[in-house]
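One structure is given here, and the rest of the page talks about it.
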Amino acid sequence: MQLTYTIGDYLLDRLSALGIDHLFGVPGDYNLQFLDHVIAHDSVCWVGCANELNAAYAADGYARVQGAGALLTTYGVGELSAINGTAGSFAEYVPVLHIVGAPRTSAQQRGELLHHTLGDGNFSHFYQMSGPVSCSQAQLTVDNACREIDRVLQEMIAHRRPAYLMLPADVANAPTSPPGCPLAVESSVVDDNQLAEFKEQAQRLLRNSRRVVLLADFLAQRFGLQQQLQAWVESQPLPHATMLMGKGLFNEQHPEFIGTYCGVASDKHTREIVESAETLICVGTRFTDTLTVGFTHQIDPEKTIELQPFAARVGNRWFSGLSMQQALPALIDVTAALASQWVSPHYSSRPIPKEKQGDLTQKNFWSTIQEQLQPGDIVLADQGTSAFGVGALKLPRDVTLIVQPLWGSIGFTLPAAFGAQTAAPDRRVVLIIGDGAAQLTIQEIGSMMRDDQRLVILLLNNEGYTVERAIHGPEERYNDISLWNWTQLPQALNLDSQAQCWRVTQAVQLKEALTRSEQRDRLTLVEVMLPKMDIPDFLRVLTQSIEARNQTA
Ligand SMILES: Cc1ncc(C[n+]2csc(CCOP(=O)(O)OP(=O)(O)O)c2C)c(N)n1
Ligand SMILES: O=C(O)C(=O)Cc1c[nH]c2ccccc12
Ligand SMILES: [Mg+2]
């Protein structure tokens, strides 16, 4: 079927040029005609999901691997289900375009009483609801569509945050011409005076420092500085750490990688080296409650140089016009002449030590994971004991870790793993998720099998919401869940399921299952039986810290 070139095609061509070759979502009558153009498109591939929340999570997981992502939902009922996912993308700086198929322009203008509306003839309610979780929005019309699509995409990429397009059915289908030139995603203009002043101040602070430490986190990765940072720590002796949200940013096998900093829950050497630095260089860090286990970090602003996406700071002085991309090369330049006087702590982060085998516990679970992870794996850890345990790992080279510790929506990682595997079909994806969390988004295992994906899913069965038990009401019924027959699920979720499923109670069985899964000949689900009350050390420190704060504040 040869279709005329439409505004819908224009949008798809722009997405594809940004590296977005997959569109996640669920059809509805307000986006069906646009979907014909998606199906016909040369490079953008449709990826149907079981529901819109999962589609938003999948697009987020895809974007964390690919750089940007997109999802398509229908008006009202579809888009509102996706908002939790979009909010997570917004909080954690993941650029995902949300396209909403909307009623025809003429029907909106007449205020018709259409399905999926509140029945009041007002078509801006849901656009407004998406406002706080988008960095850019547009209601497309036949006249404004091409330039508004360009503006919204430019802002999404510049801010690394979600954007929203309301695409009425008739607008999607209106004829137009292909883009005349590539989308300009230019960086902002450099303020030479600020840059010079920043360099001078940074030099003054660094000149007298012998112990200089680099702490980089997720925003450095999101804003594309990963390779530059890695090259920097290769070129001079600079002890460096990440925090949980940006873990995976550095090559953790490097001798000067000192670990994952998380306030009082850090390894004691990591904490000591970071907190006693004479100058601490923070790149793309945000000191959130979870990452600092209740704000227990002790970092003196006077001694820090901080780079944020659109501002930099030396001591108490902010340079609000300097972007991270501008400030980092300047800082590297300043340090080149000074690095010879720096002293190294001669400390490398350590892998989780071997534990005794036998019945599975949080301890031997994580030490088995430590042993079995392979370079290049993509690992996802859901907000539960999974996310609280994963920070202690020393990652092999080129491992990508996906966690969502700021937004923290349980169930996120299962569809996100589907999205990540879609973006990187050749990498092994290892998903670590709790039984409680999995009950929210499990349907997407069906989509994984439909698309012949061969992930490894480690489903931690500890009979309910163990994180919540650790915080409050350990034996209360609200922390229990319906106990599912997990290993039977894959065959219910896809008719010709080829999945292999194991229930393991012994550390050695987990190890065998993981070794077997390296063949990647089918999807693997391992139900990992863990004690109901067992928690990683990080979570123990966190709950103690919350209790201490509750007593004082
Ligand atoms: C959408 C959402 N609802 C509720 C919570 C609160 N919550 C945080 S952790 C958790 C328990 C998760 O249980 P599970 O996935 O089984 O992990 P476990 O701690 O047992 O390993 C809950 C309910 C949340 N973070 N997100
Ligand atoms: O209980 C929740 O909803 C959680 O997500 C657990 C959690 C994550 N980070 C925290 C920081 C303080 C208290 C609870 C949590
Ligand atoms: Mg659980």
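Heads up: numbering here begins at 1 and tracks the sequence. Just so we're clear, the structure is a prediction, and the values are computed from it rather than from any experiment. Numbering of ligands and ligand atoms starts at 1, following listing order. The analysis underlying the following values was restricted to heavy atoms, covering all of them including side chains, and did not include hydrogens, waters or symmetry mates.
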Asp435: which N/O/S atom is nearest the Mg ion (ligand 3)?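 Nearest N/O/S atom: OD1.
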
Using a strict cut-off of 4.0 Å, indicate which atoms of ligand 1 neighbour a heavy atom of [X].
X	result
Asp435	16 (O)
Val467	9 (S), 19 (O)
Gly436	14 (P), 15 (O), 16 (O)
Gly384	17 (O), 19 (O)
Gln383	9 (S)

Nearest protein heavy atom to [atom], by residue and atom, and its distance?
atom	value
atom 13 (C) of ligand 2	Ile546 CD1, 3.1 Å
atom 25 (N) of ligand 1	Gly408 O, 2.8 Å
atom 3 (N) of ligand 1	Ile410 CG1, 3.8 Å
atom 7 (N) of ligand 1	Glu468 OE2, 3.1 Å
atom 6 (C) of ligand 2	Val467 CG1, 3.8 Å
atom 4 (C) of ligand 2	Gln383 NE2, 3.8 Å
atom 15 (C) of ligand 2	Leu542 CD2, 4.1 Å
atom 21 (O) of ligand 1	Thr385 OG1, 2.6 Å
atom 13 (O) of ligand 1	Tyr465 CD2, 3.4 Å

Compare Ala387, Gly434, Pro536, Gly464 and give the one whose heavy atom is closest to atom 20 (O) of ligand 1.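 Residue with the shortest heavy-atom distance to the ligand atom: Gly464.
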
Measure from atom 15 (O) of ligand 1 to every heavy atom in Gly389, Ala437, Ser409 and give the option owning the shortest one. Ala437

Is there a side chain to side chain donor-acceptor pair (under 3.5 Å) between Asp267 and Thr270? Walk through the geometry before answering. CA-CA 5 Å; Asp267 162 273; Thr270 311; 3.1 Å; yes

Can you tell whether the side chains of [X] and [Y] come within less than 4.0 Å, N to carboxylate O?
X	Y	answer
Glu92	Arg64	yes
Asp452	Arg454	yes
Glu371	Lys354	yes

N or O contact, Asp289 vs ligand 2, cut-off under 3.5 Å: no

With heavy atoms only and a cut-off of under 4.0 Å, state how Asn462 meets ligand 1: side chain, backbone, both or neither.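 Side chain only; the backbone of Asn462 stays clear of ligand 1.
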
Looking only at distances, can you tell me whether any N or O atom of Ser386, backbone or side chain, sits closer than 3.5 Å to an N or O atom of ligand 1?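 N/O-N/O distance below 3.5 Å does not exist for this pair.
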
For Tyr93, does the six-membered ring have the charged nitrogen or CZ of Arg222 within the cation-pi criterion, i.e. under 6.0 angstrom from the centroid and within 45° of the normal?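 Ring-cation test returns no.
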
Under the side chain to side chain donor-acceptor pair (under 3.5 Å) rule, what do Asp359 and Thr361 come out as? Steps first, then yes or no, please. CA-CA 7 Å; Asp359 287 348; Thr361 60; over 6 Å; no

Are Gly411 and ligand 1 in contact, using a heavy-atom cut-off of under 4.0 Å?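 Judged by the 4.0 Å heavy-atom criterion, Gly411 does not count as contacting ligand 1.
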
Which of the numbered atoms in ligand 2 are under 4.0 angstrom from any heavy atom belonging to [X]?
X	value
Glu468	1 (O), 2 (C), 3 (O)
Ile471	1 (O), 14 (C)
Thr290	8 (C), 9 (N), 10 (C), 11 (C)

Strictly distance-based, threshold 3.5 Å: is any side-chain N or O of Arg450 a donor or acceptor partner for the main-chain N or O of Gly48?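 Yes, Arg450 side chain to Gly48 backbone: donor-acceptor pair under 3.5 Å.
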
